[in-house]
There are 2 protein chains.
Amino acid sequence: MSDLEVRQLRYFVAVAEELHFGRAAERLGMAQPPLSRAIRELERQLGVPLLTRTTRQVALTPAGEVLLHDARTALDAVTAAGRRAQRAGRSEPELRIAMKADYDGGLLPRILDRYREEAAALPVRLVLGGRGEQAPALRDGSADVALLPAPFDDHGLDVEPLLTEPRLVALAATDPLAARPCLDLADLSGLILPDGTPADREDLPPGTTDDFGVRYRTPAPCDPGGRPRGTVAGPRSRTLDLAQIFNLIELGSIVWFPPVSVVRRHPRPGVAYRPVRDLPPLTLTLAWPQTSRSPAVAAFVRTATAIAAAGDTRGMMWG
Amino acid sequence: MSDLEVRQLRYFVAVAEELHFGRAAERLGMAQPPLSRAIRELERQLGVPLLTRTTRQVALTPAGEVLLHDARTALDAVTAAGRRAQRAGRSEPELRIAMKADYDGGLLPRILDRYREEAAALPVRLVLGGRGEQAPALRDGSADVALLPAPFDDHGLDVEPLLTEPRLVALAATDPLAARPCLDLADLSGLILPDGTPADREDLPPGTTDDFGVRYRTPAPCDPGGRPRGTVAGPRSRTLDLAQIFNLIELGSIVWFPPVSVVRRHPRPGVAYRPVRDLPPLTLTLAWPQTSRSPAVAAFVRTATAIAAAGDTRGMMWG
DNA sequence: ATCACTCATACCCGCACGGTATCAATCACC
DNA sequence: GGTGATTGATACCGTGCGGGTATGAGTGAT
């Protein structure tokens, strides 16, 4: 059994995601016939059918499902290898921290202060991205360490929880609900979050949508049991920044569930924050590639966990 | 930056391990000039020098060290993808358990009994191999779950410790040391283990040698800070089976450090077992690929940890 | 029954990968 | 310090394979 090639995996992933040879070929920037042939050759090489195709329907076999999953992680590993080597050769070493803006539980300034005193410390660069972008960034080598809310798909990553903080609901100060000191999730039925999901449903699949309303391509859509949808939504171009979110909240169009540390940074008249009894708290987590051997990452992890442990009794409640 | 290809990674790993283009080319079954050109092209593609070469000396740059490490894990991921897909398509699904013969802490019979009653259970197949083979087997998809002594290189794996058991020293009954009820490591200086290392040095790098005397190719030689040795020893063909080991022990040629559960299975006149005060115990660990989504693996892990938890107060002492 | 759609087949082409021959640089040895 | 051995780089060539175009064939919709 000779080894697979990256090209074959890329092709297969495209077809498996699109479930359509024509569209997959278009996405790959090639014609359909060579793609068909390549997939067929892949199946011959493995000795296993990966797709059941009629001229009207393409579906994954169980083996295809397995390969789709493993091929994605293998492709991640390959691009990560290239990117990390590239970076290691560049003149300016730095520690790239992936996070979503403001989602640091208020710890980052203190962490960075102490981190800079470490012997193994490197200059720090923040890689800000939307929800669901941090873990893939670690896997493909475009960041060295990430600060992100659990749960998330942590395959290939090492993980250290830093702190758990409650979330509040942000709603229009003029909303009748704002008159009450404390709410339940059920009270929020009918309201929607910035990403369009109903506020009283907490089952949003991780890695699919962004709190800011951007819909991301799921990098490894580990739908438990379900089969991945064939169509992959590109960025919906409805990106909301914080100012827009606040504006919409103020107008009563949406509500939002920021953690207290974010709230503390954005006091704003016209927006009321209230505790929600059954809203799960947010656990901020530190993650880095399991393959990392970088002393700079190790030092950062050490510093961050120390700071979090030292600070975890500080005022996490909010009036 | 276009994606790397498996071929490029294989080539680079070969050169980086051999630190010699000619030998690397021979190992790859090709001529030297195309290999030189391929590596050069890889460097051009990444925009980073990976090797410093004079006509007499080839050495890795820092970027090369990083790539060597990451390329190995990427290659593992690729072959694992192929192998697991292949397996998923074959008619007979089964759960392949990698372990070294007898190194199950005596748990395996009970684990298997209970496992077979699980709904998600599959027929079990044992994949026996020497020390250091289990973790690579998980990574390259030739086993689904492994039972192995910690510590080991666990990158890409999820891990669950099962039990910790003391080890004894096995020596010739006629050895003067056998007269003493308990020994120290220092007492054993001058004696050697089956793999040839001195018995009083407990710093043998994991994944390098086998207790049975086979020397394995290091799969991911994570020497902390040091540079990987250029020469990679193939199997030294000096494989010792248990009978040979016992024979050599009996003759006083070697000593051995089996855990008590192994000792219990191999009572043998002519061989004495004695506790060693400062000999670290052996922690038997369960490991499986982090990417595993198999219900059969999940059921096995559940069963094994339950059995280990239930049995961990049972008689682990001996003699 | 016909049309539209989509995957497979047939055939061709260009290029990139691998091979052979050779050069050039460095080290060892006297 | 000159000479030969070793080893990586360069030059050049042939071929196999990956990709393109044209077309066939099977299937579902109307």
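Values below: all heavy atoms of this structure, side chains included; hydrogens, waters and symmetry mates excluded. Since the structure is predicted, the reported quantities are computational estimates derived from the model, not experimental observations. Numbers restart at 1 for each chain; the letters A, B, ... are given by sequence-line order, proteins then strands.
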> Taking the side chain of B:Met30 as its heavy atoms from C-beta onward, which of C:dC7, D:dT10, C:dG18 lies nearest to it?
Replying inline: C:dG18
>> Rounding to an integer number of Å, can you tell me how far A:Glu5 CD sits from D:dC17 C1'?
In response: 12 Å
> Can you name the side chain to side chain contact (heavy atoms under 4.5 Å, CB included) partners of B:Pro62, sequence neighbours left out?
Replying inline: none
> Contact class for A:Gln57 vs. all strands (heavy atom < 4.0 Å): base, sugar-phosphate, or nothing?
Replying inline: nothing
>> With a sphere of 6.0 Å drawn around CD of B:Glu5, does it hold more than 12 non-hydrogen atoms of other residues, nucleotides or ligands?
In response: yes
> Hey, are A:Arg23 and A:Glu26 close enough for a salt bridge, meaning a charged N less than 4.0 Å from a carboxylate O?
Replying inline: no
> Quick one: on DNA chain D, does A:Thr54 or A:Pro33 contact a more 5' nucleotide (nearest heavy atom)?
Replying inline: A:Pro33
>> Counting only side-chain nitrogens and oxygens, does B:Ser36 get under 4.0 Å of the OP1 or OP2 atom of D:dA9?
In response: yes
> What is the distance, rounded to the nearest whole Å, between atom CD of B:Glu26 and atom P of D:dT7?
Replying inline: 12 Å
Restricting to nitrogen or oxygen on both sides, can you table the protein-nucleotides 2-6 of chain D pairs closer than 3.5 Å?
residue : atom : partner : partner atom : Å
D:dT6   : O2   : B:Arg56 : NH1          : 3.1

> Rounded to the Å, how far apart are B:Glu18 CD and D:dT7 C1'?
Replying inline: 15 Å
>> Distance check needed: D:dA9 P versus B:Glu41 CD, whole Å only.
In response: 14 Å
> To the side chain of A:Pro34, which of C:dC7, D:dT21, C:dT20 is closest?
Replying inline: D:dT21
> Does the pair A:Glu65/B:Arg84 count as a salt bridge with the N-to-O cut at 4.0 Å?
Replying inline: no
> Taking CZ from A:Arg53 and C1' from D:dG28, how many angstroms apart are they, rounded to a whole number?
Replying inline: 19 Å
>> Checking B:Arg125 now: which residues fulfil side chain to side chain contact (heavy atoms under 4.5 Å, CB included) with it, not counting sequence neighbours?
In response: B:Glu94, B:Arg96
> From A:His155 NE2 over to B:Ser292 OG, what is the distance, rounded to the nearest 0.5 angstrom?
Replying inline: 12.5 Å
> Residues in side chain to side chain contact (heavy atoms under 4.5 Å, CB included) with B:Glu118, at least two apart?
Replying inline: B:Tyr115, B:Ala121, B:Ala299, B:Arg302, B:Thr303
> Among D:dA22, D:dG8, D:dG19, which is the nearest nucleotide to the side chain of B:Gln32?
Replying inline: D:dG8
> Where the side chain of A:Ala31 is defined as all heavy atoms beyond and including C-beta, which of D:dG20, C:dA8, D:dG8 is the nearest nucleotide?
Replying inline: D:dG20
> Considering only heavy atoms and no angle criterion, is a donor-acceptor pair shorter than 3.5 Å present between the side chain of A:Arg7 and the base of D:dG18?
Replying inline: no
>> Check this for me, if you would: do B:Glu17 and B:Arg27 make a salt bridge, where the nitrogen-to-carboxylate-oxygen distance has to be below 4.0 angstrom?
In response: yes
> What is the distance from CZ of A:Phe21 to P of D:dG19, rounded to the nearest Å?
Replying inline: 15 Å
> Given the rule that a pair is Watson-Crick or G-U wobble with both distances under 3.5 Å, how would you write DNA chain C in dot-bracket, using | for pairs to a different strand?
Replying inline: ||||||||||||||||||||||||||||||
> Rounding to a whole Å, what distance do you find between B:Arg10:CZ and C:dC17:C1'?
Replying inline: 13 Å
>> By nearest heavy atom, map B:Arg37 and B:Gly22 onto DNA chain D; which one lands nearer the 5' end?
In response: B:Gly22
>> Going by side chain to side chain contact (heavy atoms under 4.5 Å, CB included), A:Leu157 matches just one of A:Arg139, A:Gln134, A:Gln290. Which one?
In response: A:Arg139
> With A:Ala25, which residues qualify under side chain to side chain contact (heavy atoms under 4.5 Å, CB included), at least two apart?
Replying inline: A:Met30, A:Gln32, A:Leu35
> NA contact type, B:Arg40, heavy-atom cut-off 4.0 Å: base, sugar-phosphate, or nothing?
Replying inline: sugar-phosphate
> Nearest-Å distance, CD1 (B:Ile39) to C1' (C:dC17)?
Replying inline: 14 Å
